[in-house]
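Below: one structure, written as structure tokens.
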Amino acid sequence: MTAVHVPGAPVIEDGRLVSTSPASGAEVGRLPVATPEDVGRAVDRARRAGEWWAGLGFAGRRQRLLRWRALLARRIEELADLVHAEGGKPVADAVVEIVTAVEHVDWAARNARRVLGPRRVRSRLVLAEFSAHLEYQPHGVVGVIGPWNYPVFTPIGSVAYALAAGNAVVFKPSEYTPAVGQWLVDTFAEVVPEQPVFTAVHGLGDVGAALCRSGVGKVAFTGSSATARKVMAACAESLTPVLLEAGGKDAMIVDADADLDAAAEACVWGALTNAGQTCIGIERVYAVEPVFDAFVGKVVERAGRLTVGPDDADIGPITMPSQLDVIRRHIDDALARGGRAVLGGADAVQPPYVRPTVLVDVPEDSIAVREETFGPTLTVNRVRDVDEAVARANALSYGLGGSVFGRRRAVAIARRLRSGMASVNSTLTFAGMSTLPFGGVGDSGFGRIHGEDGLREFSRAKAITRRRARSLLASTTFERTAADVARLVKAIKTMYGR
Ligand code: NAD
């Protein structure tokens, strides 16, 4: 029996998850749906595989991860075509996404030993008779739950770092992009055929929930803030630690001394790439009064040139059909409350596409300003000065990334943004910098992927002290005397009492 498909919406047929192109409705993948027992078995298998993987040591894992990196680089066109077919994004956007992911695999593989490997750390004068040793050990199995909007970059931000740290990974890809998820797992198995170190379980949210309850050592979740709350609640039952990379409503601030052409170019890219379906996408702009009109003009001119359509267009379809209503509601609400559309607007939503839309003078309490739109739309509001811009940017409970355009004060403004990341005179670039941590604050989640913090996120600190001499000031023993304690009091007053 063949069900009627809404293009792009996943359906389950005969125990299989069927994914389709949001542009054409053509079938792209058919993957078995995991039962809770399947999830449990996958985690058990991964636990054994993880012991083997951890036993390879940093050098063995590095060598294998670099082989996977090379495969990803060699087969970039094949993967980009699949990402395009399943999620709808233009092939060029898919290529950029994969390039960034490859960079992260390379960095994680090359730096895991330096960041996580055993080392001596300094002892202090108190307890100077002990040496101190630190290392970071894997959790065993990490459960990774992913979204559809960047189906390669986003999971790899957790998977590559978790693997480099010595964990096995069980991955629950989004139900909108299971074929891309399976492709990642299959290609990893080509370079690491010995053990199921990186495997996938497919299905809807209940499969993700089963993974949270499966006894994994840690869950790394990327998705909406609403689901993040459910993931944390499920993990709380067994005190399973979680990393939450959730939604955002990132702001860009344009100061009076900004290069307006560069700002407009970066803004249009940061807001509209991947049809605006980007967690760190620019959704709000605050431009200071003196440059507001000129900036808006440049944004409209550039965004108005973008093409919308299925294949070689700049803007592809909206991946999740249900999001079209959200985008329409946000535009309608902004207009009903007195905002103006200087590009696109009321009739911009033409399923499965949305034409680029720029809204100005939108009330700050409208949903287009306060909630994640996840479409190729943008609000641009004028502010008196950068203090007002920062206050408005920081007014929401989200705090993922952000951008500042300006010269003299730009870095200082970036520091004041209540966010985990910011780009100065560019947009989104922190995501591709594998040496920098990625993550948010508030409703955007907590914990960090990427960089040294990202490697530590997938391991636990193990501290070891070792006696190297007899204690001169006996304190941690019942053998101590009153004189020992008196000497201790005197020593601490001498050292710290001034
Ligand atoms: P989503 O929350 O709907 O789904 C994410 C994943 O969670 C999917 O695999 C889904 O099947 C699974 N899931 C659903 N219910 C679950 C449950 N109860 N328990 C466990 N897992 C469950 O999000 P989405 O629509 O796939 O992705 C878009 C969202 O992701 C946006 O809000 C976007 O901002 C966010 N996102 C954040 C980042 C980041 O790094 N912060 C990156 C990309 C996307």
Side-chain angles (χ1 to χ4, degrees), residues 8-10 12 17 19 22 31 33-34 36 39 86-87 89 97 100-101 104 143-158 170-178 180-181 200-214 216 219-237 240 242-250 273-283 318-323 326 371-375 398-401 419-421 428 430-431 437-450 454 457:
I12 293 177
L17 178 64
S19 82
L31 287 308
V33 173
V39 173
E86 194 170 47
K89 76 174 58 172
E97 174 183 351
T100 314
H104 283 291
V144 173
I145 302 174
W148 47 267
N149 63 336
Y150 287 83
V152 177
F153 164 76
T154 293
I156 279 184
S158 292
V170 177
F171 173 34
K172 199 319 242 163
S174 166
E175 53 272 37
Y176 289 86
T177 51
V180 172
V201 288
H202 295 284
L204 307 180
D206 58 316
V207 177
L211 189 55
C212 295
R213 296 191 168 94
S214 65
V216 292
V219 168
F221 168 82
T222 308
S224 65
S225 303
T227 310
R229 288 185 171 83
K230 294 184 195 164
V231 165
M232 193 165 167
C235 288
E237 293 167 13
T240 300
V242 285
L243 157 77
L244 301 176
E245 297 286 353
K249 188 74 183 172
D250 287 359
T273 181
N274 197 24
Q277 305 167 110
T278 305
C279 55
I280 49 170
I282 300 299
E283 297 215 354
I318 297 303
T319 307
M320 224 176 22
S322 58
Q323 197 65 22
V326 176
E371 294 176 14
E372 195 176 47
T373 309
F374 239 51
Y398 288 119
L400 197 51
S419 68
M421 305 154 296
L428 322 189
F430 45 75
F438 182 107
V441 303
D443 278 1
S444 296
F446 54 79
R448 294 292 181 264
I449 56 173
H450 304 172
E457 190 76 45

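Side chains are part of it too, since the values below use all heavy atoms of this structure and drop only hydrogens, waters and symmetry mates. For ligands, and for the atoms within them, numbers begin at 1 and follow the listed sequence.
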Practice item. Taking all heavy atoms of Pro22 and all of Thr319, pick out the closest pair and write down the distance. Key: CB-O, 3.8 Å
**Study point:** Option set Ile145, Val144, Thr222, criterion heavy-atom distance to atom 12 (C) of ligand 1, minimum
**Key:** Ile145
Point to revise | Salt bridge flag under 4.0 Å for residues Arg229 and Asp443 | key: yes
Study note, to complete from the structure: Note: Glu245, heavy atoms under 4.0 Å from ligand 1, region reported as both
Revision key, fill the gap. Restricting to heavy atoms, the pick from Thr278, Leu400, Leu243, Thr227 nearest atom 13 (N) of ligand 1 would be Thr227
Review point. Can you list the ligand 1 atoms lying under 4.0 Å from a non-hydrogen atom of Glu372?
Key: 31 (C), 32 (O), 33 (C), 34 (O)
Revision key, fill the gap. Counting heavy atoms under 4.0 Å, the part of Leu211 that contacts ligand 1 is neither
Point to revise | Cationic N near anionic O, under 4.0 Å, Lys249 to Glu283 | key: yes
**Study point:** Any donor-acceptor N/O pair, Glu175 side chain to Leu204 backbone, under 3.5 Å
**Key:** no
Practice item. Measure Ile280 to ligand 1 on non-hydrogen atoms and call it side chain, backbone, both or neither using the 4.0 Å cut-off. Key: neither
Exercise for review: Under 4.0 Å, heavy atoms only, figure out whether ligand 1 is touched by the backbone of Pro173, its side chain, both or neither.
Suggested key: backbone
Review point. What do you reckon, does Gly440 put a non-hydrogen atom under 4.0 Å from ligand 1?
Key: no
Check your understanding: Taking non-hydrogen atoms only, is Ser444 closer than 4.0 angstrom to ligand 1 via side chain, backbone, both or neither?
Key -> neither
Practice item. Distance to 0.1 Å, residue and atom name: give those for the protein heavy atom nearest to atom 41 (N) of ligand 1. Key: Ala246 O, 2.7 Å
Exercise for review: With heavy atoms of Ser224 as the reference, note each atom of ligand 1 found under 4.0 Å away.
Suggested key: 1 (P), 2 (O), 23 (O), 29 (C), 30 (O), 32 (O)
Point to revise | Shortest protein contact, atom 24 (P) of ligand 1 (heavy atom only) | key: Trp148 NE1, 3.4 Å
Exercise for review: Identify, with sequence neighbours excluded, every residue that meets ring pair (Phe, Tyr, Trp, His ring centres under 6.0 Å) alongside Phe221.
Suggested key: none
Study note, to complete from the structure: Heavy-atom proximity to atom 33 (C) of ligand 1, picking from Tyr150, Tyr176, Phe221, Phe374, points to Phe374
Point to revise | Structural part of Val231 in contact with ligand 1, heavy atom criterion under 4.0 angstrom | key: side chain
Check your understanding: Glu175 heavy atoms, cut-off 4.0 Å: which ligand 1 atoms fall inside?
Key -> 8 (C), 9 (O), 10 (C), 11 (O)
**Study point:** Winner among Cys279, Pro10, Gly146 once heavy atoms are compared against atom 9 (O) of ligand 1
**Key:** Gly146
Practice item. Identify, for atom 19 (N) of ligand 1, the protein heavy atom at the shortest distance, and state residue, atom and that distance. Key: Ala209 N, 3.4 Å
Point to revise | Atom indices of ligand 1 within 4.0 angstrom of Gly205 heavy atoms, with elements | key: 11 (O), 13 (N), 14 (C), 15 (N), 16 (C), 17 (C), 19 (N), 20 (C), 21 (N), 22 (C)
Check your understanding: Can you list the residues that meet the side chain to side chain donor-acceptor pair (under 3.5 Å) rule with Thr227, with sequence neighbours excluded?
Key -> Ser224
**Study point:** Numbered atoms of ligand 1 (with element) below 4.0 Å of Pro147, judged on heavy atoms
**Key:** 26 (O), 27 (O), 43 (C), 44 (C)
Check your understanding: Which of the atoms of ligand 1 are close to Ser174, meaning less than 4.0 Å from one of its heavy atoms?
Key -> 9 (O)
Study note, to complete from the structure: Of all heavy-atom pairs linking Gly247 and Ser444, the shortest is O-OG, 2.7 Å
